[in-house]
Amino acid sequence: MKQINIIDAKNHVDEKVKIGVWLTNKRSSGKIAFLQLRDGTEFFQGVVVKAAVSEETFLLAKELKQETSMQITGVIHEDSRSKFGYEIEVETIEVIGESADYPITPKEHGVDFLMDHRHLWLRSSKPHAVMIIRNEVIRATYEFFNAEGFTKIDAPILTGSAPEGTTDLFHTEYFDHDAYLSQSGQLYEEAGAMAFDKVFSFGPTFRAEKSKTRRHLIEFWMIEPEMAFMHQEQSLEVQEKYIAFLVQNVLDHCEGALQTLGRDMETLKKYTQLPYPRISYDEAIDLLKENDFDVDWGVDFGSPEETFLADHFNKPVFVINYPKSIKPFYMKPHPTRDDVVICADLLAPEGYGEIIGGSERATDYDYLYKEIEKAGLDTKEYSWYLDLRKYGSVPHSGFGLGLERAITWITGEDHVREAIPFPRLLNRIYP
């Protein structure tokens, strides 16, 4: 008898199979028991008919407790009433691991309670669906950049300097030196681009930012491509192509997960249509003022402003060329203005805000040296970074995608904490 996963049920209709499962819920009458089962790949129903099994098996089915693990055998049938489309008519049940008093019962629970039990909550259908989509976004990311000729370069997690200043970094001691948990791999990716042309990194980053908004995590994952011989407009084309590719792959491969989350797939399809709109920061300020926002030129946008701008276009929108005063030191200055830099943020619609930040990088050694000094940073710590401008510097651009923010938007979830298996928040480091 073949051992299968639930996800493969469609390939075994009317066959007798064996599956290792957990019980998520059940209901029964005098003659039939309905078992809601999962195996990590999908959820479906097991039907135990009293007249078709032994008395011992039927009694066991009625007494099973939530999250009991077991091996079941039975015949796969089509089930047009379920979204999954298949069920199993159970013939035998072999209990592997008993479960009693499982804390996450089929009722409403508060967020703090569920987060305290995140190690168990991941088994439930909604967080399971989000993690399936997260996995697809990661898989599609590697497919996209491999197909586009990128080389993966792993940036260090421990660094001796900070790409955007040390204010929001976690400090640690590195033997007899100061060190920080990385807030970005970008500077190292720039070195990689000078060696391999197009590179990307994918790894954890850390921000000791005391923020409690639904968009912020203390530990999160970033995808950071860097491209030599590339100006900003070419980089924007890569960015929008990448986002459309991610969304299309989730639509193609995660339909069941999207249905579980109640995500409108027609809405997602709109986000695969290119190009995305582009507006300058100046134009964004004018548009906001015309719609009664109290904003002054030179400020960074908050959630209300970003939400309005993206929803105004009803799809992701690039806001380009922000004021120099609110952006990091490494961005290339505008050729005709000294008050803005060549950069862009990609704002996602439906209230999700910035999911990508990117720029063309400064290439002039003297300019960059002065900007590092102005930022109050130690030029000696950045001597290796400055070297990149001494030995064959070329125009280059890059960007960073916050994985969890992108997943939160694609899934339609309310809070970025839903998009990572074990979120680290301002007041949460357990479990």
Judged by modelled atom types alone, do [X] and [Y] share a side-chain donor-acceptor pair under 3.5 Å?
X      : Y      : result
Ser397 : Gln234 : no
His396 : Glu190 : yes
Thr363 : Arg361 : no
Ser280 : Asp282 : no
His128 : Ser125 : no

Exercise. Can you list the steps and then say if Phe145 with Phe245 is a side-chain contact (heavy atoms from CB on, under 4.5 Å)?
Worked result: CA-CA 11 Å; Phe145 287 113; Phe245 184 82; over 6 Å; no
I'd like a table of donor-acceptor pairs (distance under 3.5 Å, sequence neighbours excluded) in which one partner is a side-chain atom from residues 132-142, with atom names and distances.
unit_1: Arg134; atom_1: NH1; unit_2: Glu404; atom_2: OE2; d: 2.8
unit_1: Arg134; atom_1: NH1; unit_2: Ala419; atom_2: O; d: 2.7
unit_1: Arg134; atom_1: NH2; unit_2: Glu404; atom_2: OE2; d: 3.2
unit_1: Glu136; atom_1: OE1; unit_2: Arg139; atom_2: NE; d: 3.1
unit_1: Glu136; atom_1: OE2; unit_2: Arg139; atom_2: NE; d: 3.3
unit_1: Glu136; atom_1: OE2; unit_2: Arg139; atom_2: NH2; d: 2.8
unit_1: Glu136; atom_1: OE2; unit_2: His253; atom_2: ND1; d: 3.0
unit_1: Arg139; atom_1: NH1; unit_2: Glu143; atom_2: OE1; d: 2.7
unit_1: Arg139; atom_1: NH2; unit_2: Glu143; atom_2: OE1; d: 3.3
unit_1: Arg139; atom_1: NH2; unit_2: Asn249; atom_2: OD1; d: 3.0
unit_1: Thr141; atom_1: OG1; unit_2: Val137; atom_2: O; d: 2.8
unit_1: Thr141; atom_1: OG1; unit_2: Tyr242; atom_2: OH; d: 2.7

NZ/NE/NH1/NH2 to OD/OE distance under 4.0 Å, [X] and [Y]:
X      : Y      : value
Asp345 : Lys327 : yes
Glu15  : Lys2   : no
Arg118 : Asp116 : no
Glu148 : Lys241 : yes
Glu233 : Arg278 : yes
Arg215 : Glu354 : no
Glu255 : Arg263 : no

Problem set entry | Verdict with reasoning, Glu78 to Lys10, per salt bridge (charged side-chain N to carboxylate O under 4.0 Å, His left out) | CA-CA 8 Å; Glu78 291 189 14; Lys10 62 182 180 296; over 6 Å; no
Test item: [X] and [Y] side chains (from C-beta on) under 4.5 Å apart, heavy atoms:
X      : Y      : answer
Val95  : Leu60  : yes
Pro323 : Trp297 : yes
Phe43  : Phe84  : no
Tyr385 : Tyr330 : yes
Glu418 : Thr411 : no
Trp221 : Phe202 : yes

For this session: May I have the step-by-step check of ring pair (Phe, Tyr, Trp, His ring centres under 6.0 Å) for Phe150 and Phe196, ending in yes or no?
Result: CA-CA 8 Å; Phe150 283 70; Phe196 297 94; over 10 Å; no
Exercise. According to the side-chain hydrogen bond (donor to acceptor under 3.5 Å, both in side chains) rule, which pairs have a member within residues 83-103, sequence neighbours left out?
Worked result: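 Sorted result for residues 83-103: Lys16-Glu91, Gln45-Glu87, Thr73-Thr92, His77-Glu89, Lys83-Thr260.
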For this session: Please confirm whether Arg424 makes a cation-pi placement over Phe206, using NZ or CZ under 6.0 Å from the six-membered ring centre and within 45° of the ring normal.
Result: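 Not flagged: Arg424 not positioned over aromatic ring of Phe206.
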Problem set entry | Aromatic Phe34 / basic Arg27 pairing, under 6.0 angstrom, 45° off normal |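 Satisfied, under 6.0 Å and within 45°.
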Problem set entry | Exercise: identify the closest heavy-atom pair between Tyr174 and Ala179 |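 Distance-wise, the nearest heavy atoms are CB-CB, 3.6 Å.
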Exercise. Which value, rounded to the nearest 0.5 Å, describes the distance between Leu403 atom CG and Phe220 atom CZ?
Worked result: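 One gets 10.5 Å once the value is rounded to the nearest 0.5 Å.
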For this session: Measure from the ring center of Tyr382 to the ring center of Phe329 and say whether it is less than 6.0 Å.
Result: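 Centroid separation for Tyr382 and Phe329: below 6.0 Å.
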For this session: Under the ring-ring contact (aromatic ring centres under 6.0 Å, His included) rule, collect the residues that match up with Tyr271, sequence neighbours excluded.
Result: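 Residues passing ring-ring contact (aromatic ring centres under 6.0 Å, His included) with Tyr271: Trp409.
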For this session: Kindly assign one of parallel, tilted or perpendicular to the pair His119 and His117, based on the angle between their ring planes and the thresholds 30° and 60°.
Result: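 If you compare the ring of His119 with that of His117, the planes turn out parallel.
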